[in-house]
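Data first, discussion second: the structure below is written as C-alpha cells.
Since we're looking at a predicted model, the values are computed, not measured. Note that ligands are numbered from 1 as they come in the structure, with each ligand's atoms numbered from 1 the same way.
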Amino acid sequence: MKIIKILMLFLVLQINAQQGGMWIPSLLEGMNEKEMKSLGSELSAKDIYDVNHSSLKDAIVHFNGGCTSEIISDSGLLLTNHHCGYGAIQSHSSVEHDYLEDGFWAKTMDDELPNKGMVATLIVRIDDITKEVLKDIPSSASLKEQQQLIDQHINKAKEKAKKETWQDLKVKSMFDGNQYLLFVTETFKDIRLVGAPPTSIGKFGSDTDNWMWPRHTGDFSLFRIYANKQNQPAEYSEDNVPYDPKHFLPISLDGVSENDFTMVFGFPGRTSEYLPSVAIDQIVNKLNPPKIKIRDESLKIVDGYMRKDATIKIQYASKYARIANYWKKWIGESQGLTKSKAVEKKQALEVEFQEKNKNKPEYASLLNDFDKLYNDIEEVSVARDYWVEVVYRNVEILNATVKLYRFERSILKNPDEFDEARTTLLNSYKGFYKNYNADVDQDVFEKLLTLYKDESPQAYLSESLKSADISELSKSIYTNSSLTNLEAMTTMLSGSSDEVIKKINEDPGYAFGKTLVDNFYQNIDPKYQDLNLQIKAVQKVYMKALIETFPDERFFPDANGTLRVTYGKVQGYQPKDAVVYQPVSYLEGVLEKYQPGDYEFDVPEKLIELYNNKDFGDYADDGKMPVNFIGTNHTTGGNSGSPVIDAKGNLIGLNFDRVWEGTMSDYNYDPEICRNIMVDARYILFIVDKFADSQRLIDEMKLVHPKKK
Ligand code: ARG
Ligand code: ASP
C-alpha cells in the first residue's frame with residue numbers, strides 16, 4: 001500500500017514537475033497541450049495558435065525588435081514594460097518636462113506621441129519548411145557549400161510562400177540548424193506613446209533591485225499601434241487610425257494565488273541550453289570576469305557624474321541602465337552556474353552521451369572536437385569581448401569612430417552614395433550627441449583603455465595601443481578631436497567626399513580609433529568567426545545527436561527571437577538554507593523600501609496618499625494591493641513586456657525580470673530556483689486608474705472576473 005502511495009505521489013510529481021522550455025506556438029499539440037492541462041490550463045493548442053481563426057497569438061507583438069508587448073483593447077492599445085519604452089519616454093523628455101521623472105499620460109488620442117523609427121511586429125503565420133530546406137544537402141560537400149545550398153532552398157521557399165503585399169517573410173533556423181521555420185509577419189511603423197508612470201514607480205528599486213526578489217516595480221508603459229485606413233501597416237501620418245486587432249487580451253480582476261497556472265507568450269531573445277561543459281566552464285571562468293570588470297569601472301564613473309548633475313542624469317539614465325543590466329546579470333549568472341554545479345552536471349551527461357554512442361562513429365569525436373575548438377577560440381574570444389566592451393559599448397567616442405569607419409569604407413566603395421550616407425550618419429550622430437558629455441567619456445576612456453592595454457590578451461592588441469601613453473593620448477583627443485561634439489563633427493563632415501576623407505583621417509580621435517577598428521577587422525574578428533563557425537557546425541551535429549541519444553527527454557529549440565510559449569505556475573522558492581520567498585509582493589513593501597529623495601527608492605506622494613487611504617478601487621486582494629509575483633515560467637531577455645496569461649486566456653500580469661539566483665537559466669534552467677518576475681495586472685490597472693486618473697484607458701480595456709462563477 002505504502003509503495004503504491006509513493007508511486008502515485010511520484011507520478012503526480014512527474015506530471016506537475018516544471019521542466020522549463022520555450023515552445024513554438026504552432027507546434028503545441030500533444031505533449032505541451034497535455035502538460036499545460038495538467039498544470040490547470042483550460043486552453044487548447046488552437047486557442048493559442050490558429051491560422052484560420054483569431055487566437056491568442058494575434059495579440060502578441062514583438063516590440064521594437066527587443067521586447068514583447070500585447071494588445072489590450074480593440075483600439076490597438078499596447079502594454080509593455082517601462083524599461084522597454086524607456087528610450088521613447090526619454091526622447092520626449094527634457095529638464096522642463098521630464099516624463100521619466102513625472103510620468104506621462106496622454107489625455108486624448110490626439111495627445112499620444114509618435115516615435116520615429118519605432119516598430120511593432122505581429123506574427124501572421126508560421127510554416128515548417130525543414131524538409132524543403134534540408135533536402136538533398138550532400139554531407140560530402142564542404143560546410144560552405146552546404147550553407148549555400150541551404151540558403152538557396154530558403155530563398156525558394158520564400159518565393160513560394162503566400163503573403164499579402166504589406167506582409168514580410170523571415171526564415172529562422174531552430175535546433176542549431178536542424179529545423180527551419182518561415183514566419184509571415186506584419187510590421188507596424190506608427191507606434192505612439194500613450195502613458196508611462198514616473199520612474200519612481202516604473203523603475204522603482206532601479207539597479208539595486210534589478211534581477212532581485214522581493215521586488216516592487218510597476219514596470220509598465222502603454223503605447224498604441226496606428227494603421228492606415230485599411231488597417232494595414234503604414235509610416236506615421238496624422239490620418240492614421242488606431243489598429244483594429246484580430247484579438248486582444250481581456251484583463252482579469254481576480255488576481256493570482258500560489259500554484260495558479262501561468263503562461264508567458266513572447267519573443268525570448270537567446271538561450272544556449274545545449275552547450276557542452278567546456279563552454280560553460282569558459283563562460284564562468286574566462287569570459288564573464290573581464291566583461292564584468294570593464295562595466296564595473298565604467299559604471300562607477302558614470303554614476304559619479306549622474307549623482308552630481310541633473311542634465312547628465314537624464315542624458316545617461318538609459319545608457320547606464322543598459323550597461324548595468326547585463327553587468328549585474330553576468331555576476332548572478334556566474335554565481336548560479338557555480339552553485340548549481342552546471343559544469344559537473346553537463347560533464348555527467350557527456351559521460352552518458354559518450355557511453356551511449358560508443359558504436360556511432362559519426363558522434364564519437366563530437367566532445368573532443370568541442371574541447372579542442374573551445375580551447376582554440378578562448379584567447380580570441382576574450383580579446384573580442386575586450387574590444388566589444390571597451391571600443392563598441394563603453395567608450396562613446398570610440399563608438400563614434402566605429403560609425404565613422406563604416407561610413408568611410410562605404411563611400412570609398414560606393415562614392416555615388418556619399419551624400420545619402422553622410423545624411424544618415426549625421427542623423428545618427430544627432431541622437432548620439434544629444435546624450436553625450438565629453439567629460440564623462442574622457443574619464444571612461446582613460447580608465448578602460450588602461451585596462452584594455454594591461455589586461456587583454458597581448459597577441460591581439462593593436463600596436464597603437466601597446467605603445468600609447470593613455471593619459472597623453474586622452475588629452476590630445478579630448479582637446480583636439482572633432483568627435484567630441486556635434487558642431488565640430490558636422491563641420492568635419494562638410495565638403496566633398498575627398499575633403500571629408502582627408503579631414504577625418506587628420507582628426508586625432510578618428511586616427512586612433514581607426515587603428516583599433518582596423519585591428520579588430522584584421523586580427524580579431526576573422527579568426528573568431530572562423531572558429532565560431534566550426535563550433536556551430538559541431539553544435540548542429542551535437543544537437544541532433546542529443547535528441548537521438550535521449551529520446552525520452554524533452555527538447556525545445558533555444559530562444560532566437562521568435563515567438564514562443566512558456567508555462568508554469570505561481571510559486572515562491574528557497575534561495576538558500578532557511579530562507580523561503582513568498583510568491584507575491586504588496587504595496588506595503590514599496591513603503592518599507594521608501595527612501596525620500598533617493599533616486600532609486602523614492603515614492604510619489606500621490607501613491608503614499610492612495611496607500612494611506614487604502615484607495616485601491618476594485619484592484620486589491622483582501623484590502624492589500626498586490627504589486628509583483630513570481631512563477632516557474634522559463635523566460636529570458638526579450639520576454640520583457642510579455643503577457644502573463646491565465647488558464648482561460650486572460651491577462652494576469654506582465655513579465656519583466658528574473659530572480660538573481662536563477663539568471664543562469666539561459667544556460668542551465670533549474671526549476672527549483674529559476675523564477676520569472678511579473679507585475680500584477682491589477683497593480684497596472686490601479687496605477688492607470690487611481691494614480692494617473694486615466695479613466696479613458698480603463699474604459700477601453702475589457703476587465704473580467706474569470707474566477708467568479
Ligand atoms: N533585468 C531586466 C531585464 O533584463 C530589467 C531591466 C531594466 N531595469 C533596470 N533597472 N535596468 O531587462
Ligand atoms: N528583463 C528582461 C528583458 O528585458 C527579461 C529577462 O531577462 O528575464 O527582456
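In terms of protein heavy-atom proximity, atom 3 (C) of ligand 1 is closest to N325 ND2, 3.5 Å. Among all non-hydrogen protein atoms, the one lying nearest atom 6 (C) of ligand 2 is R658 NE, 3.4 Å. Closest protein heavy atom to atom 3 (C) of ligand 2: S640 OG, 2.3 Å. Protein heavy atom nearest atom 5 (C) of ligand 1, with residue, atom name and distance: N210 OD1, 3.4 Å. Nearest protein neighbour of atom 9 (O) of ligand 2, counting heavy atoms only, is G638 N, 2.6 Å. Protein heavy atom in closest approach to atom 2 (C) of ligand 1: D657 OD1, 3.1 Å.
Numbered from 1 in the order shown, with element, the atoms of ligand 2 that lie under 4.0 Å from a heavy atom of N639 read 9 (O). Under a 4.0 Å criterion applied to the non-hydrogen atoms of F656, ligand 1 contributes the atoms 2 (C), 5 (C).
In the displayed structure, K447 atom NZ is contacted under 6.0 Å by at most 12 heavy atoms of other residues, nucleotides or ligands.
Between R658 and D666 there is a salt bridge, since a side-chain N of the basic residue sits under 4.0 Å from a carboxylate O of the acidic one.
Judged by distance alone, with hydrogens and angles left aside, the side-chain atoms of K346 form no donor-acceptor pair with the main-chain N or O of I280 at under 3.5 Å. In this structure, the side chain of S93 engages the main chain of Y99 through a donor-acceptor pair within 3.5 Å.
Proximity of K329 to ligand 2, defined as any heavy-atom pair under 4.0 Å, is not found for any part of the residue. Neither the backbone nor the side chain of K329 has any atom closer than 4.0 Å to an atom of ligand 1 (non-hydrogen atoms only).
Side-chain contact, N437 with Y316: no donor N or O sits under 3.5 Å from an acceptor N or O.
Any N or O atom pair closer than 3.5 Å counts here, and H83 shares at least one such pair with ligand 1. By the 3.5 Å distance cut-off applied to N or O atoms, T635 is not counted among the residues near ligand 2.
Contact annotation: A324 has no heavy atom less than 4.0 Å from any atom of ligand 1.
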